[in-house]
2 protein chains.
Amino acid sequence: MGLRERKKQRTRDALVDAALDLFLSRGYEATTIDQIAAEVEVSPRTFFRYFASKEDVALSLTADEQRVLLAELVARPESESPFTALCQAMRSLLKMLREADDAETGRYLRCQKVVHSTPALLAGAMRLIKENERRLVAEVARRLGADPWDLQPKFIVAVFVSVALACFDERTQDPVVLARRLEDLLTLAERSLCPGWDLAACSAESAGRPAEAASTTG
Amino acid sequence: MGLRERKKQRTRDALVDAALDLFLSRGYEATTIDQIAAEVEVSPRTFFRYFASKEDVALSLTADEQRVLLAELVARPESESPFTALCQAMRSLLKMLREADDAETGRYLRCQKVVHSTPALLAGAMRLIKENERRLVAEVARRLGADPWDLQPKFIVAVFVSVALACFDERTQDPVVLARRLEDLLTLAERSLCPGWDLAACSAESAGRPAEAASTTG
DNA sequence: TTGTCATCTGTCATCGACTGACATAAATTG
DNA sequence: CAATTTATGTCAGTCGATGACAGATGACAA
């Protein structure tokens with residue numbers, strides 16, 4: 001990798017770190033782009049060449065996580081049922097967070113703190129999650145051999161996302177505690193949901209009639 | 001009600017209508033506050049005395065709906081299980097939408113169209129829904145006699161919200177179609193979830209052990 | 001090394017969202 | 001009608017974000 005590429009990466013990381021520090025100490029709204037840029041000693045204009053908006057820099061890590069989650073889902077074996085695969089992908093993500101180096105972990109924790117204490121950022125995070133949800137639905141639909149517009153894949157992903165989101169309250173940030181809460185919630189979900197609920201292929205059109213058993217295990 | 005109050009209400013409604021019209025015809029980002037204010041013949045400064053932001057005017061109806069949903073839930077009899085009560089509250093909300101007069105219905109449809117075609121507004125709507133979710137959880141926890149921090153009420157509300165959200169895709173706006181999709185999804189949910197799943201009282205601490213059956217029906 | 005080229009960066013100008021301060025106009029109250 | 005309260009308009013200013021242009025810097029070939 002050339003010098004140029006490395007410099008850009010360093011500038012980008014420095015901007016994220018400076019932004020998170022300032023957001024955490026002075027608050028998100030109270031922090032200006034000029035302050036962030038000054039901290040890294042670049043012009044405000046340059047900031048916007050790295051990030052599309054002030055929100056973008058705060059949510060860059062969140063966006064990364066969503067990309068990883070999708071990638072992990074795609075990497076799960078086809079033999080797993082959709083919901084199982086989604087849960088395993090989430091476990092992989094949390095494992096990566098737990099095993100990251102200190103700089104990475106620090107960034108992650110600061111990001112979580114800032115996002116969860118700023119309504120505007122929470123909204124942005126939800127937008128990213130919702131956008132990714134569409135991709136997750138497409139992948140689950142593919143696994144089920146169903147149409148992406150069917151209610152079944154939508155429902156499966158919706159249940160998963162709601163469980164995953166329920167892990168994050170205003171106080172929980174530590175990846176270890178997070179993982180524990182996820183397992184608790186998955187136990188709760190497992191107990192609440194009928195066995196094989198994420199396998200039977202039934203579209204909205206046949207919702208009123210009994211579903212035929214269908215296994216997609218391969 | 002005095003003249004002053006009535007005038008304010010008329011100005012407010014006019015601002016919402018003008019804003020939705022402009023957002024729909026020119027797009028949300030392309031519409032300026034000045035244009036909205038000019039349409040209603042008030043100063044731009046006055047706009048911000050009625051709405052905190054440009055987003056606020058677009059989501060004022062969404063905020064109203066969330067308030068109604070919570071009120072309907074609170075009004076449901078204690079004899080209903082939490083998930084049933086939530087579903088009935090949602091049905092009430094949709095019924096109110098179906099039975100509203102033309103002006104109201106028109107506003108609602110335009111609002112839906114604008115929100116679902118503008119990422120920034122979709123994010124804002126999600127924020128409102130998430131904020132309301134906290135209140136729904138508190139009410140469900142009260143009904144269960146559980147602590148609001150328990151995972152059980154969180155899970156119940158999360159499943160409900162995800163089902164409700166799955167009704168709205170990019171294309172569905174008509175309240176009648178919406179109601180049909182909701183029923184389809186609830187059928188799907190009913191088939192996927194174990195009977196009594198939203199009744200057993202088990203906190204996060206006891207998640208690993210078998211739950212004792214407990215009825216809160218009164 | 002040197003010169004050329006692509007790319008990155010800073011400066012400047014501008015727009016639009018949003019806010020505080022102050023003066024004016026209107027409605028409410030006695 | 002007079003006094004008080006409250007809504008509105010005007011003005012100035014901050015901050016987020018973008019386009020245009022010029023200068024700086026790394027990449028690369030001769």
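Order of the sequence lines fixes the chain letters, A, B, ..., with proteins taken first and strands second; residue numbering starts at 1 for each chain.
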Expressed in angstrom and rounded to an integer, what is the separation of [X] atom [atom1] from [N] atom [atom2]?
X: I36(A); N: dA17(D); atom1: CD1; atom2: P; answer: 10 Å
X: F48(A); N: dC12(C); atom1: CZ; atom2: P; answer: 18 Å
X: Q9(A); N: dG26(D); atom1: CD; atom2: C1'; answer: 17 Å
X: E55(A); N: dA17(C); atom1: CD; atom2: C1'; answer: 15 Å
X: R10(A); N: dT9(C); atom1: CZ; atom2: C1'; answer: 15 Å
X: R6(A); N: dC8(C); atom1: CZ; atom2: C1'; answer: 16 Å
X: D56(A); N: dG16(D); atom1: CG; atom2: P; answer: 14 Å

| Geometric class of the H116(A)/F168(A) ring pair [parallel <30°, tilted 30-60°, perpendicular >60°] | parallel

[X] atom [atom1], neighbour heavy-atom count above 12 within 6.0 Å:
X: D101(B); atom1: CG; answer: yes
X: R134(B); atom1: CZ; answer: no
X: K113(A); atom1: NZ; answer: no

| task | Using the closest heavy atom to pick a nucleotide of DNA chain C for each, name whichever of A52(B) or G2(B) lands nearer the 5' end. | result | A52(B)

| field | All side chain to side chain donor-acceptor pair (under 3.5 Å) counterparts of D13(B), not counting sequence neighbours | value | Q9(B)

| note | In B/S/- notation (B base, S sugar-phosphate only, - none; protein heavy atoms under 4.0 Å), nucleotides 1-15 of chain D written 5' to 3' is ----BBSBBB-----

| said: Looking at D184(B) and R181(B), is any side-chain nitrogen of the basic one under 4.0 Å from a carboxylate oxygen of the acidic one? | reply: no

